[in-house]
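Since the structure comes first, as structure tokens, the remarks are kept for the end.
Each chain gets a letter, A, B and so on, in the order the sequences are listed, and its residues count up from 1. All values derive from a computational prediction rather than experimental measurement.
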Amino acid sequence: MPEGYVPLRKTEHHAVLAQSLSNNGDVTTQRSPAQNNTSSATARVASQLSDTYYVDNFNYLIKFVTRHYQHLLTADELKFCHTYDSLSNTAQQTYVRLASRSTDLLRTAKLHYPEIENISDGINELNSIGFVSKEVEFSSEECASLFTRAELKSVLGLSSSQFDPACINPDAFTTPDLFGDSPLTRLLANDSIIAVHHKELIVAFRLLFFGNLHQDFSSFVLRDLGLRQYENYKIDSDTVLFQEREQLAAHLHYYQCAELFDSACEQGIDGLQELHTLLPQPLQYDKTLDRRLDTFKNRIARQLERLEALDIAAQIYSQTTRPPARERLARIQAKSGNTDSALTLCKAIQALPLDTDELDFANTFGARLAKKAQQCFTSPARHAPPESTLQLHAGNLSVEFSVALHYAKTGKCYYLENSLLNGIFGLAFWDIIFAPVSGVFFHPFQHQPTDFYESEFTISREQMIRQRLQQIDNGQLQQIVNSHHYQKKGLRNPLVNWQWLKPHTLSLALKRIPKQDWQAIFKLMLSDIRNYRSGQPDLIYFPDDGGYELIEVKAPGDRLQKNQLRWMHFFNEQRMSHSVVHVEWIE
DNA sequence: ACCGACGATG
DNA sequence: TTCACACAATCAA
DNA sequence: GATTGTGTGTCTCATCGTCGGTTG
Ligand SMILES: [Mn+2]
Ligand SMILES: [Mn+2]
């Protein structure tokens, strides 16, 4: 099943090793990132949280939504905020603790909060105003998930090793045994079940505050512990993320649909089609909603393609503009023998491409289609990068490191892939990325402006970008990069990977690569950050004789990817030294 | 007894 | 809760 | 050669306790 992947988390955390290869041929491995940094941004680390931190954070959120969004809140939501405010400290503590648990049903015996003086007082108070229920009805499935397998086995008398909680008889928990006790009363002999209410309101509040649902209260904690440090950008208090209630409702609605994706996949074509009809309507004034909906529609349609429901997929693709919708549509048309409309679509993409990827597709795919159909189609010639072959002994190292080691004999060579150009771009334009453009910073936990990958990013900052390119022309690049590297070290930036960027490598790159080349690189990246932040060559090589070369390493059987070819094409046009090295293993 | 996944925590 | 890359399988001419 | 799907390394904040399964 291609979609619906199971994300697996690695608990074993391998220390990240940054290998730098010098021309004595020795391989130095450095542990990173530096914990005892002396620079300004990393000065504050490992602070302690106050003992009321979680209530403080919750109160902050409540205050934020009532202050900024009072007019958008429903009567229920307002009442919730008001009631919460009137609670005793103990009840507030208790509610925040309970609401931060992942399930709605909880066992009181499993609650251990030593900082709450008397948690049963808190629960009683919450019960009286309806924030929790002490009397709960629950299904046998819910009951099974509340207790451990050992507990269930012992109380149900099913000691079999093949015990499956999924097929417990619905009445099993309530059926009295010989002594007149039901399994449930035994499970609850020294325990009780409570239900936590109104958690869905907190979800809505999170959306109002963060603008998304993948961030939560841990953002506060991680910041306050100094584990995630954000740039101190100016938050735009004039613009507000949501104007209308229908907007909030639509986003919440979307997130509910997104959760259904996996099960819809399992239900096949009908399930996916049903899910598509379930989606909220877009709103003209909400571009974020458009983006979320279009991305999701593309995902549904892509899965329908896999199930060979091409017509339905095509219909959904044609409802969105977001790439790769037009690419997929053209492929479907070509596949179903509709060469003419596929070609027309390719020409439309060529005329008004929405991004680089789409344009490259139209050029290559259109040319191939036209050739087959013997029609006329114009597309730029493809660049064939200089290639060479290197014979190496197979060892423990990856191909990239093996080649780097080879080049280290005659210079310095680093395996940095996207980290180098991205990192220098991020440092060179740091202040512009975090510039106070209106409506791009809404809360203190953003690592990038909301429009970072949009085409408006460049337009909204045109003046600043022009100035920066001029400064680079005046020879100030090295100074700008170095000062940002020093001042901002450890702060989050969408393009800067601090562990891989060592000052030595930075200064070498800035010294060896001329400013005209940097200007061209930056202009290119600014033209489409999303598509040009990847595909950069594996290695950068600084020969002892001077100069530099960007090298993409290819093991036997591996070939250039689309985005890698794009960069090679650019290097060629800019007359920057580049090549592809094919490795042949010997012995 | 050991492990890996997972939730809770600050 | 990826994301970007390498790699393998498949199909078509 | 083109396309697609799958696997892998790297990246998440780090650590502790529990659960459930496998191994001895
Ligand atoms: Mn690579
Ligand atoms: Mn490579």
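Rounded to whole Å, atom P of D:dA2 lies 10 Å from atom NZ of A:Lys371. Nucleotide B:dT9 holds its P atom 17 Å from the CG atom of A:Leu227, rounded to whole Å. The CG atom of A:Leu146 sits 15 Å away from the C1' atom of D:dC19 (whole-angstrom rounding). The CZ-P distance, from A:Phe210 to C:dT1, rounds to 15 Å in whole Å. With rounding to whole Å, A:Glu400 atom CD is found 17 Å from C:dA4 atom P. For the pair A:His112 NE2 and D:dT18 C1', the computed distance is 11 Å after rounding to whole Å. Distance A:Asn363 CG to D:dA2 P: 14 Å, rounded to the nearest Å. Per the geometry, CZ belonging to A:Phe365 stands 7 Å off P belonging to D:dT3, to the nearest Å.
Classified by interplanar angle (parallel below 30°, tilted 30° to 60°, perpendicular above 60°), the ring pair A:Tyr415/A:Phe401 is perpendicular. Ring orientation note: the planes of A:His443 and A:Phe210 are nearly perpendicular, at an angle over 60° on the 30°/60° scale. Taking the six-membered ring for Trp and thresholds of 30 and 60 degrees, A:Trp430 and A:Trp498 have ring planes inclined between 30 and 60 degrees apart. The aromatic rings of A:Phe58 and A:Tyr95 sit perpendicular, their planes meeting at an angle over 60°, well past the 30° parallel limit. Between A:Phe209 and A:Phe220, the two ring planes are parallel [angle under 30°; tilted spans 30° to 60°].
When each of A:Ser218 and A:Arg328 is assigned the nucleotide of DNA chain D bearing its nearest heavy atom, the one mapping closer to the 5' terminus is A:Arg328. DNA chain C is contacted by both A:Asp538 and A:His214; A:His214 maps to the nucleotide lying nearer its 5′ end (nearest heavy atom per residue). Both A:Asn497 and A:Thr364 lie close to DNA chain D; mapped to their nearest nucleotides by heavy-atom distance, the more 5′-ward contact belongs to A:Thr364.
Among the heavy atoms of the strands, none lies under 4.0 Å from A:Phe220. At the heavy-atom level, A:Glu552 lies under 4.0 Å from the strands shown only through sugar-phosphate atoms. Using a 4.0 Å heavy-atom cutoff across all strands shown, A:Tyr54 reaches no nucleic acid atom at all. Residue contacts for A:Arg228: at a heavy-atom cut-off of 4.0 Å it reaches the sugar-phosphate backbone alone, with no base atom in range. Residue A:Gln561 is in base contact, counting any heavy-atom pair closer than 4.0 Å across all strands shown. When heavy atoms are screened at a 4.0 angstrom cut-off, A:Lys110 is found touching the sugar-phosphate backbone but no base atom. Using a 4.0 Å heavy-atom distance criterion, A:Phe361 is classed as making no nucleic acid contact.
Taking a pair to require two hydrogen-bonding distances under 3.5 Å in either a Watson-Crick or a G-U wobble arrangement, D:dT10 remains unpaired.
Nearest to the side chain of A:Ser102, among D:dA2, B:dA8, D:dC19, sits B:dA8. In this structure, the nucleotide among C:dA4, C:dC5, B:dG10 sitting nearest to the side chain of A:Arg97 is B:dG10. For A:Leu225, counting side-chain heavy atoms from C-beta on, the closest listed nucleotide (B:dG10, C:dA6, D:dT12) is B:dG10. Checking D:dG5, D:dC19, D:dC13 against the side-chain heavy atoms of A:Arg306 singles out D:dG5 as nearest. Comparing atom distances between the A:Arg492 side chain and each of D:dG5, B:dT9, D:dC13 picks out D:dC13 as nearest. With D:dG20, D:dT10, D:dT4 as the choices, the nucleotide that has an atom nearest any side-chain atom of A:Arg331 turns out to be D:dT4. Comparing D:dA2, C:dA6, D:dC13 by their closest approach to the side chain of A:Asp558 singles out C:dA6.
Atom C1' of B:dT9 sits at a distance of 43 Å from the matching atom of D:dT4, rounded to the whole Å. Taking the C1' atom of each, B:dC3 and C:dA4 are spaced 30 Å apart, rounded to whole Å. D:dT12 and B:dA1: their P atoms are spaced 36 Å apart (whole Å). Here the separation of C:dT1 from D:dT8, taken at their P atoms, is 23 Å to the nearest Å. Spacing of P atoms, D:dT6 relative to D:dT10, comes out at 23 Å, to the nearest Å.
The backbone N or O of A:Arg533 lies less than 3.5 Å from a partner atom in the side chain of A:Asn422, making a donor-acceptor pair.
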Apply salt bridge (Lys or Arg N to Asp or Glu O under 4.0 Å) to the pair A:Asp357 and A:Arg566, showing each step before the final yes or no. CA-CA 9 Å; A:Asp357 216 37; A:Arg566 253 192 317 256; 3.0 Å; yes
I'd like to know whether A:Asp104 forms a salt bridge (Lys or Arg N to Asp or Glu O under 4.0 Å) with A:Lys199, so could you lay out the CA-CA distance, the side-chain angles of the two residues, the decisive distance to 0.1 Å, and finally the verdict. CA-CA 8 Å; A:Asp104 290 354; A:Lys199 284 172 70 171; 3.3 Å; yes
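Contact annotation: A:Arg382 side-chain N/O to D:dG1 OP1/OP2 distance is not under 4.0 Å. Between A:Trp500 and the phosphate of D:dT10, there is no side-chain N or O to OP1/OP2 separation shorter than 4.0 Å. OP1 and OP2 of C:dC3 both lie 4.0 Å or more from every side-chain N or O belonging to A:Asn418. Taking 4.0 angstrom as the limit, A:Arg302 places a side-chain polar atom (N or O) nearer than this to OP1 or OP2 of D:dG5. For the pair A:Arg533 and C:dC3, the criterion of a side-chain N or O lying under 4.0 Å from OP1 or OP2 is not met. OP1 and OP2 of B:dA8 both lie 4.0 Å or more from every side-chain N or O belonging to A:Tyr113. The phosphate of C:dA6 has OP1 or OP2 within less than 4.0 Å of a side-chain N or O from A:Gln564.
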